[in-house]
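Working notes for the structure below.
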Amino acid sequence: MSSHDDTAGFPTGFVWGTATASYQIEGAVTAGGRRPSIWDTFSHKPGTIHNGDTGDVADDHYHRYREDVGLLADLGVTHYRFSLAWPRLQPDGKGAINADGLDFYTRLVDELLAHDIQPWVTLYHWDLPQALEDAGGWPERDTAERFADYAALTHDKLHDRIQHWTTLNEPWCSAFLGYAAGAHAPGRTEPAAALAAAHHLLLGHGLAVEVMREQDRDSRLGITVNLSPVDPATEDPADVDAARRVDAVSNRVFLDPLLRGRYPDDLRADVAAISDLGFVQPGDEAVIAAPLDFLGVNYYFRAVVRANPGEPVPDPHARAWVGSADVEPVRTGLPTTAMGWEIDPSGLHDVLTRVHRDYGPVPIYVTENGAAFDDEVADDGRIHDEDRISFLDSHFRATLRAIDDGADVRGFFVWSLLDNFEWAYGYDKRFGLVHVDYATQTRTPKDSARWFAAVTRRNGLAAEVAVLD
Ligand code: IFM
C-alpha cells in the first residue's frame with residue numbers, strides 16, 4: 001500500500017477513541033447478579049440471530065477488561081466509549097443499584113484512568129432489562145421514568161470519575177428496528193408502538209439530562225443518533241417525496257425534538273394513519289430539548305430511496321420506515337462492506353455539515369464509524385485489513401472536509417475496538433481493529449490497529465499508511 005501525498009492534520013485537542021457496547025463484548029451474562037435484558041431473551045429465540053449466536057460469552061470482556069484496556073493504551077487513544085449494562089446495574093430495571101455491577105464498572109473506569117484514557121459512557125446501548133419489556137417496554141411512558149432513575153443512580157456513583165455521559169445510543173434502532181421491523185430485540189412488529197417507543201426514548205433522555213445536570217454541572221451530557229443522508233433515486237416527485245418521508249422518520253424524528261424542541265409537522269402528517277402521537281404530552285418536547293453539551297453522530301451509509309407502489313420489500317430498514325411502506329432502498333453500485341452497506345464517505349461529510357447548517361452550532365463527536373470486512377488471518381499470523389484502513393482513511397478525510405466547511409467536529413470514535421457480537425448478524429461480521437478468536441479469546445491487533453495508532457499519535461493522516469509499507 002502506498003502512502004498518501006497530501007498532509008491532513010486534525011485540530012489540536014481532537015479526541016481519538018474507539019467504541020464498544022456492553023452486550024456486544026461483555027459476556028458473563030449471569031455474573032454478579034446481572035439479570036436478562038431483551039437481547040438475552042431475543043438472541044435465545046431460535047431463528048433470530050445468524051448461526052444461533054448469543055451474547056452469553058461474546059468477548060468475555062467482563063473477565064478480560066484489563067487486557068482490553070492494555071490494547072487501548074497500545075492504540076494510543078485518549079478516549080474510550082463504552083456502554084453500561086442496565087441489567088448489571090439495576091437487574092430488574094428498578095430499585096437500588098446492584099453493588100456487584102457497580103463494582104465491575106468502577107474497576108474498568110479505574111483501569112482506564114490509570115492508563116490516562118478518559119471514559120465516555122453510554123447509559124443505554126439497547127440492553128433493556130427484560131422485566132421492563134415484560135411491563136410493556138419503551139412504548140410505555142413509565143420506561144422513560146425508569147431510565148431517568150437508572151441514569152441518576154449511576155451518574156451519582158460515577159460522575160466523580162466520568163465526565164462525558166451519553167444517554168442513548170441510536171434510539172432509531174431501539175425504536176424502529178426493535179418495535180416496527182422486529183429485526184432487533186424485542187422483535188415486535190407494531191408500527192404505532194415503535195413511534196411511542198421513539199418518543200419515550202427521547203423523553204427518558206430529556207429526563208435523564210435534567211437530573212444529571214442537577215447532580216453535577218460539570219458533567220458533559222449528550223446523546224448519540226445514527227444519521228444517513230437520504231437521497232431520492234431520481235428527480236421524479238414521487239421519489240423526492242419518498243426521500244423526504246424517510247428522512248423524517250430516520251433523522252428528523254430525533255434531531256428536530258432534540259435541537260428544535262418539536263416533532264416535524266410533515267412527520268406527524270405522514271404517520272397520521274398509524275398514530276396521532278397522542279402519547280406526546282404537553283411539556284414533553286421541552287424536556288426532550290434540554291440543552292446538550294454535544295451531539296454524538298454515528299454514520300455508516302447513505303440511503304437512496306424510490307417510491308414503490310408495489311409489494312413492500314423484505315428489507316428490515318424499509319420495514320422500519322414507519323408510514324413509508326411504499327418506499328424501497330436502491331443500490332447505487334458503490335463497493336460494499338461485508339454488511340452489504342455501500343461505502344460512501346461523502347455521506348459522513350453531508351450529515352456533519354447538515355447538523356451544523358440546519359440545527360445551528362453544536363459540538364459534534366463522531367461516536368461511531370467503521371466497517372466489517374471478511375478478515376482473514378494470514379500465514380504470518382497477522383490480519384492485513386487494507387480495506388478497513390482505506391475505509392477509515394476516507395472517512396477521516398470526509399470529517400476533515402466537514403470541519404473545513406464549518407461543522408464543529410471535535411472527535412472520532414472508531415467502531416469498534418474488538419470484533420464482537422454484531423446483533424442479528426452474530427459473530428460473522430467483524431468490525432474490530434483487534435481480531436478476536438472466539439474459540440480461545442485471543443486478541444490480535446489487525447494492521448488497521450497499527451495504522452490507527454499512528455493516526456492518533458500524529459493527530460493526522462500524513463504518511464500514516466506508510467507504516468504498512
Ligand atoms: O454494532 C453496531 C453498534 O452496536 C451500533 N451502531 C452500528 C454498529 C454496526 O452495525
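One-based numbering, in listed order, for ligands and for the atoms of each. Everything numeric in this text was worked out from a predicted model, so none of it was measured.
- Listed for the Ser37 side chain is a donor-acceptor partner under 3.5 Å among the backbone atoms of Trp39.
- Ligand 1 lies under 4.0 Å from heavy atoms of Gln24, His125, Trp126, Asn169, Glu170, Tyr300, Trp341, Glu368, Trp415, Glu422, Trp423, Phe431.
- Under the side-chain hydrogen bond (donor to acceptor under 3.5 Å, both in side chains) criterion, His184 pairs with no residue at all, not counting sequence neighbours.
- Note on ring orientation: taking the six-membered ring where Trp is involved, the planes of Tyr299 and His395 are tilted (angle from 30° to 60°).
- The aromatic rings of Trp423 and Trp126 sit tilted relative to each other, their planes meeting at an angle between 30° and 60°.
- Side-chain contact of His125 with Ser83: a donor-acceptor pair under 3.5 Å is absent, judged by distance alone.
- The one candidate from Tyr80, Phe396, Phe413 that meets the ring-ring contact (aromatic ring centres under 6.0 Å, His included) condition with Trp16 is Phe396.
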